[in-house]
Amino acid sequence: MAKILFSPSKYVQGAGELAHLASHIESLGKTALIIITESGFKRVGEKIESSFKESNCSMEVCHFNGECSEVEVNRIIDKYVTNGSCDIIVGIGGGKIADTAKAVAYYTKKPVVVCPTIASTDAPCSALSVLYTEEGVFDKYLFLPQNPNMVMMDTEIISKSPVRLTVAGIGDALATYFEARACKISGATSCAGGKTTQAAMALASLCLDTLLKEGLKAKIALEAGACTDAVENIIEANTLLSGIEFESAGLAGAHAIHNGLTVLEECHHMYHGEKVAFGTVTQLVLENAEKEEIEKIYKFCIEIGLPVTLAQLGATDVTKEQLLEVAKAACVEGETIHNMPFEVTSEKVYNALLTADALGKYYLQKFAQ
Ligand SMILES: [Zn+2]
């Protein structure tokens, strides 16, 4: 089987970069469709408009209705592409806007540009869009034939987003090295449909090193309202490094355990990356990682405020039966936990969950001031 690496064609990151949006995309078409919420446009609309003043490219604004659904995607296609002249699709905002822009571009075969205003997951760079029903229930995955033509991170905007979102992004990115390592050992096929390249493994290592070196500095800077080099490095790790790596090296235990945790009603208010962080420490227990490594990751999570116990995830009185359900859901056929380099059963995952929670309590006592 071939080795395959997926990545966006172009990645742009910088403070205030949204003011140069048009110059980065004018080679892609003539009229950009800007998909953005009304409040988002009030915040950053002037910046976007100013970038098009000096450009050969024009823009039209579409206010997003709030849900990434087939209905919304079709509404946008009809109004702005089929019966309009837009030929570049630009999504500016959170994950649902990025997914809507990707879906519109996919159905109309137009180039797509994603400009996230938060750094809470590694989804922006991926060739994947998640559709929901109008009621917000999961509908389907769209596996796209290619990654976005461009992903642009305006770090000035992102550094003003809630700190907890960026920390959740660190949690999502924390899993990537360990999942890549597991996939590499087992020889699993990645989301890109091939084996892992050396490049993806190098990015996975760089991703973990960056998080451990810069995570705490970035969090403290963000809390102080500052955008520093550490913040820049964390935004890149959360989005580009983790994004390329999860598609091109693969997912394993941490994300499957995250999916298992979604059966607990008590955890629904937690962000994706927060649950993935607990999935990561559980994976480390499952694979009986070295004590030094386990201790390093717990210490890091505690320092930056990622959950390491079930109670911190909101599941204070979870029963044995509930935890068995979580383990079972993490192990259903086709789950990425089966990319681990050994046989995984729900019994093993249940025991790992119990231990990860107990270790979390132990290290909280040891490390929390
Ligand atoms: Zn994730």
Side-chain angles (χ1 to χ4, degrees), residues 5-28 32 34-36 40 43-44 47-48 50-51 55 88-95 97-99 101-102 111-127 147-163 165-174 176 199-200 202-215 217-219 221-222 225-248 273:
L5 182 123
F6 271 11
S7 79
S9 310
K10 185 172 174 179
Y11 178 83
V12 179
Q13 179 181 310
E17 208 49 43
L18 203 58
H20 308 297
L21 175 65
S23 68
H24 286 294
I25 64 171
E26 58 189 3
S27 62
L28 296 173
I34 310 289
I35 305 172
I36 190 168
R43 275 203 314 277
V44 299
K47 255 188 183 184
I48 302 166
S50 74
S51 87
S55 160
I88 315 168
I89 316 302
V90 183
I92 302 176
I97 288 189
D99 281 353
K102 286 180 189 176
V112 63
V113 171
V114 176
C115 307
T117 50
I118 54 177
S120 64
T121 75
D122 54 19
C125 291
S126 73
N147 298 65
N149 298 71
M150 186 174 90
V151 173
M152 175 189 271
M153 308 297 283
D154 185 328
T155 49
E156 188 183 315
I157 293 170
I158 295 160
S159 62
K160 288 188 186 123
S161 68
V163 180
L165 285 171
T166 307
V167 171
I170 294 174
D172 198 19
L174 187 62
T176 53
L203 292 183
S205 294
L206 179 62
C207 182
L208 181 62
D209 289 350
T210 306
L211 299 179
L212 296 177
K213 266 207 293 224
E214 309 281 42
K217 287 191 283 174
K219 185 198 176 196
L222 287 169
C227 181
T228 58
D229 286 350
V231 171
E232 287 272 350
N233 292 339
I234 283 298
I235 290 172
E236 184 185 332
N238 286 9
T239 315
L240 181 68
L241 302 180
S242 184
I244 291 179
E245 186 286 326
F246 98 82
E247 267 192 308
S248 302

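In what follows, every heavy atom counts, from backbone to side chain, and hydrogens, waters and symmetry copies are set aside.
- The distance from the SG atom of C207 to the CD1 atom of I170 is 10.0 Å, given to the nearest 0.5 Å.
- One distance of note links CD1 of I235 with CG of L222; it measures 7.0 Å at 0.5 Å rounding.
- Contact detail for L21 and M150: the closest heavy-atom pair is CD1-CE, 4.2 Å.
- Side-chain contact between T176 and L241: absent, with no pair of heavy atoms (C-beta onward) separated by less than 4.5 Å.
- The line from NE2 of H24 to CG of N149 is 14.5 Å long, rounded to the nearest 0.5 Å.
- Contact between T210 and I234 at its shortest, heavy atoms only, is O-CD1, 4.0 Å.
- Closest of all the heavy-atom pairs between G169 and N238 is C-ND2, 3.3 Å.
- To the nearest 0.5 Å, atom CE of residue M153 and atom OG1 of residue T239 are 3.0 Å apart.
- No side-chain heavy atom of I89 sits under 4.5 Å from any side-chain heavy atom of P111.
- With contacts defined as side-chain heavy-atom distances shorter than 4.5 Å, the pair Q13/T155 qualifies.
- In this structure, K102 and P148 approach most closely via the heavy-atom pair CE-CG, 4.0 Å.
- Heavy-atom contacts from other residues, nucleotides or ligands closer than 6.0 Å to NZ of K10 number more than 12.
- The minimum heavy-atom distance between T117 and I92, with the atom names listed, is CG2-CG2, 4.2 Å.
- Atom CG in L174 sits 7.0 Å away from atom CG in L212 (nearest 0.5 Å).
- The CD1 atom of I48 lies 7.5 Å from the SG atom of C115; values are rounded to the nearest 0.5 Å.
- The minimum heavy-atom distance between E156 and S159, with the atom names listed, is O-OG, 3.0 Å.
- E26 has its side chain within reach of S55: a pair of non-hydrogen atoms, C-beta onward, lies under 4.5 Å apart.
- With 3.5 Å as the limit, one finds no donor-acceptor pair spanning the side chains of E247 and S126.
- Side-chain contact between I157 and L18 is present, with heavy atoms from C-beta onward closer than 4.5 Å.
- Ion pairing of K217 with D229 is absent here, as no side-chain N (NZ or NE/NH1/NH2) approaches a carboxylate O to less than 4.0 Å.
- Residues D172 and S120 are not in side-chain contact: their nearest non-hydrogen atoms beyond the backbone lie 4.5 Å or more apart.
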